[in-house]
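Notes follow once the structure below has been shown.
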Amino acid sequence: MKFFIFDSLSRTKKEFVPIDSNKVRIYACGPTVYDYAHIGNARMAVVTDLLVKTLKKKFKNVTFVSNITDIDDKIIDASKKSGVPISKLTSKFHEIYNKEMNALNVSPPDFQPKASDHINEMIEMIEELVNKDCAYFSNNHIIFRVESYKYYGQLSGRSLDEQLAGSRIEIADYKKNPRDFILWKPSESNEPGWDSPWGRGRPGWHIECSAMSKKCLNIPFDIHCGGVDLTFPHHENEIAQSCSAIKVDCEPQNFCRYWFHNGFVTSDGEKMSKSLGNIKLVNEILKKYSGEVIRLSLLSAHYRQPLNWTEAILQQSEKTLSRIFKNLEKIKKDEIEDSQIKKNEFFLEFQESLFDDLNTPKSLSILNVLINKLKESNKKQQSKIYTAIIEAMKLLGIGKNKEIIIENFDLIKKLIDERDRARQKKDFDRADEIRLELSKINVEIEDTKEGTKWKKLK
RNA sequence: GGUGCGGUGGCGGAGAGGCUACGCACCGGCCUGCAAAGCCGAGUACACCGGUUCGAAUCCGGUCCGCACCUCCA
């Protein structure tokens, strides 16, 4: 089965063929750790995670690297504002990010390099760029000379002239071209800094990804991921510096073969921004909904489409997931026959939809059809369908895999027993009273032939 | 101003020249002390105007509208 992926550089969907047939190498621009993760960060992490998991179905050996940016002016600002030292701040939010992504069933990357551990690699690359006359020293900064790179603008589809027209950028007077970007900048004594051939300073924004991807994956590697907003300037600059460090006017393919960008998340129809106060934080949403529900919501639209985040989308996902689980619970697991997943036509159809540029809406549709088929087939078919569903849920990362810790367990049991006795005596007033009591502690009950079932709502 | 992506039934959202996408909601029925859930069934669609075609939501041209990027951003 062929694997197709949309490449932003060529703007076409193409078959994915790894450089090294035995090994797939992927890099994703990770978060800058200075605050809680928002739902946009989560979309990128979930989509990339799904890409990696799906690739693993076809390729045995997949190496996934996603960095942590722990040097950045936003971090310095946050530290100054809060009074928390930088290293404490970054390690705190680094840890929180990993925990929150884990709650969304995002597997940790194979490597999660930190920018602060790769200063030497960055300095080396900058020196290379200076030697090749692709960068210059001005006003104590090292600046990349955009005009030195022939393919600059290819990823974002903008010529240098176009980038200037109507631009709102403030032009620093020490830059030869307004589009030139900073590779290294001087640090004040109260700012973090490292010794370099150009004095004590720190790296500019883009160089860390170039240095770490090269170090961890070697170049060229296969797929580079990130949010669409990073295409310009971040990824454009990455290509320019990584390729120029190889040789002047080196083609973009020598850095990375496929550019994979996920669409933006809007919040109630508007861009998330601090001024509008509509930034949706993952930890806030997790208080109300499970990780699986959030993940399903994030996968309900195709990854390249914009996704409007609303309460309704979460409620819909919660109901959909609940129906799926209820249908699965009806199946007696000991009657399920083992079948090979590689020959399971139901799973293969599902898989094909993901192999087609991660068409998750289609794959979810197939999953739903399988759920509907689950009850009406003969045992052998049923086993196959059941296995396919379980495997599909696992791949999508929406299977139930965490025990919810139940508080008031004994109280709940006691109330349900009492209600059962009341119902037997046809004392329905008391029975309904108890149901109300239980709902107050977020316990939902359901009377079935096998007795009263209950579940704790988040 | 430049660049890119979209406009599909009440909502979310695939698809893509002829074939029910799917989910959620709603409506009818079964079941139930009630409720919930579940099951069965029905309905509603491709922004607008032209064109190509035997046939267009799908192709072509134009119009309108929305969103994003061009500044930190996932």
Side-chain angles (χ1 to χ4, degrees), chain A residues 8 11 28-32 34-35 37-48 66 69 72-74 77 153 156-159 161-171 179 205 225-234 236 261-266 269-274 279 296-297 299-302 304-310 312-327 329-330 353 356 359-372 375-376 422-424 426-429 431-432 435-436 439 444-449 452-455:
Chain A
S8 318
R11 274 162 253 258
C29 291
T32 303
Y34 68 105
D35 205 346
H38 57 68
I39 197 67
N41 297 310
R43 187 181 198 189
M44 175 265 160
V46 164
V47 164
T48 312
S66 185
T69 297
D72 187 276
D73 288 2
K74 291 193 295 289
D77 290 346
S156 51
R158 309 153 207 260
S159 69
D161 296 343
E162 277 169 0
Q163 287 162 27
L164 281 177
S167 167
R168 283 168 283 170
I169 192 171
E170 255 183 64
I171 300 166
R179 279 294 156 200
W205 171 30
C225 313
V228 260
D229 55 316
L230 292 183
T231 40
F232 192 86
H234 185 58
E236 194 72 74
H261 289 108
N262 64 274
F264 234 66
V265 181
T266 54
E270 282 182 298
K271 182 183 165 133
M272 286 195 285
S273 77
K274 283 189 175 159
I279 293 186
L296 179 61
S297 303
L299 295 178
S300 65
H302 183 88
R304 281 191 278 118
Q305 293 302 124
L307 177 68
N308 187 28
W309 194 256
T310 59
I313 200 175
L314 283 159
Q315 284 167 2
Q316 180 179 323
S317 300
E318 189 167 51
K319 287 193 170 150
T320 304
L321 210 49
S322 152
R323 175 175 158 269
I324 292 174
F325 286 140
K326 279 188 172 144
N327 275 283
E329 278 163 18
K330 281 186 202 157
S353 65
D356 184 18
N359 191 340
T360 53
K362 192 172 180 186
S363 66
L364 289 167
S365 155
I366 293 168
L367 180 65
N368 274 306
V369 171
L370 290 179
I371 290 285
N372 293 334
K375 51 190 165 284
E376 54 195 2
R423 288 175 69 223
Q424 274 161 22
K426 308 247 185 250
D427 180 2
F428 296 120
D429 286 346
D432 290 348
R435 175 162 50 207
L436 193 67
S439 78
E444 186 186 85
I445 54 169
E446 200 180 310
D447 295 323
T448 71
K449 277 177 197 155
T452 303
K453 285 186 179 171
W454 63 276
K455 72 171 181 192

Are [X] and [Y] within salt-bridge range, i.e. N to O under 4.0 Å?
X	Y	answer
A/Lys326	A/Glu446	yes
A/Lys74	A/Asp77	no
A/Lys362	A/Asp356	no

For atom [atom1] of [X] and atom [atom2] of [N], their distance in whole Å:
X	N	atom1	atom2	answer
A/Phe428	B/rA35	CZ	C1'	12 Å
A/Leu436	B/rA36	CG	P	14 Å
A/Lys74	B/rU71	NZ	P	15 Å
A/Lys362	B/rA14	NZ	C1'	8 Å
A/Asp73	B/rC72	CG	P	11 Å
A/Leu321	B/rG12	CG	P	21 Å
A/Ile445	B/rA37	CD1	P	13 Å
A/Asp229	B/rC70	CG	P	8 Å

Pick the [atom1] atom in [N] and in [M], then give their distance to the nearest Å.
N	M	atom1	result
B/rG23	B/rA14	P	16 Å
B/rC54	B/rC46	P	24 Å
B/rC31	B/rA35	P	14 Å
B/rC72	B/rG61	P	36 Å
B/rG55	B/rC64	P	29 Å
B/rC65	B/rA47	C1'	8 Å
B/rU3	B/rU44	P	42 Å
B/rG62	B/rC5	P	15 Å

Check this one for me: any side-chain N or O of [X] less than 4.0 Å away from OP1 or OP2 of [N]?
X	N	value
A/Asn359	B/rG15	yes
A/Asn368	B/rC22	no
A/Lys319	B/rA25	yes
A/Lys271	B/rC69	yes
A/Arg304	B/rA74	no

Point to revise | Helical stems, RNA chain B - three or more consecutive Watson-Crick or G-U wobble pairs below 3.5 Å | key: B:1-7 with B:64-70, B:10-12 with B:22-24, B:27-30 with B:38-41, B:47-51 with B:59-63
Check your understanding: Under 5.5 Å between ring centres and under 30° between planes: does that hold for A/Phe264 against the base of B/rA74?
Key -> yes
Point to revise | Nearest-nucleotide 5' precedence on RNA chain B, A/Arg11 against A/Asp429 | key: A/Arg11
Point to revise | Pairwise 5' ranking along RNA chain B for A/Val265 and A/Gln315, keeping only the more 5' one | key: A/Gln315
Looking only at N and O atoms, is any donor in the side chain of [X] or the base of [N] less than 3.5 Å from an acceptor on the other one?
X	N	result
A/Asp432	B/rG33	yes
A/Arg43	B/rA74	no
A/Asn308	B/rC67	no
A/Arg423	B/rG33	yes

Side chain of [X] - closest among [options]:
X	options	result
A/Lys326	B/rA36, B/rA37, B/rC34	B/rA37
A/Met272	B/rG23, B/rG13, B/rA74	B/rA74
A/Ser300	B/rG23, B/rG12, B/rA74	B/rG12
A/Phe232	B/rG23, B/rA14, B/rC69	B/rC69
A/Asp447	B/rA35, B/rA74, B/rG23	B/rA35
A/Pro361	B/rC39, B/rC34, B/rG13	B/rG13
A/Asn327	B/rG6, B/rC39, B/rG33	B/rC39
A/Val369	B/rG33, B/rG23, B/rC22	B/rC22

Looking at [Y], is its backbone amide N or carbonyl O close enough to the side chain of [X] to form a donor-acceptor pair, meaning the two atoms are under 3.5 Å apart?
X	Y	value
A/Ser66	A/Ala28	yes
A/Glu444	A/Lys455	no
A/Ser365	A/Pro361	no

Describe the nucleic acid contact of [X] in one word from base, sugar-phosphate, nothing, applying a heavy-atom distance below 4.0 Å.
X	result
A/His234	nothing
A/Asn372	sugar-phosphate
A/Ala312	nothing
A/Gly40	base

Check your understanding: Which distance, rounded to the nearest 0.5 Å, do you find between the CG of A/Leu321 and the NZ of A/Lys319?
Key -> 13.5 Å
**Study point:** Separation between OG of A/Ser300 and CG of A/Leu307, rounded to the nearest 0.5 Å
**Key:** 5.5 Å
Review point. Excluding sequence neighbours, so at least two apart, what forms ring-ring contact (aromatic ring centres under 6.0 Å, His included) with A/His38?
Key: none
Point to revise | Minimum-distance pair of heavy atoms, taken over all atoms of A/Val47 and A/Asn262 | key: CG1-CB, 4.4 Å
Revision key, fill the gap. Heavy atoms of A/Glu236 and A/Ser156 approach each other most closely as OE1-OG, 2.5 Å
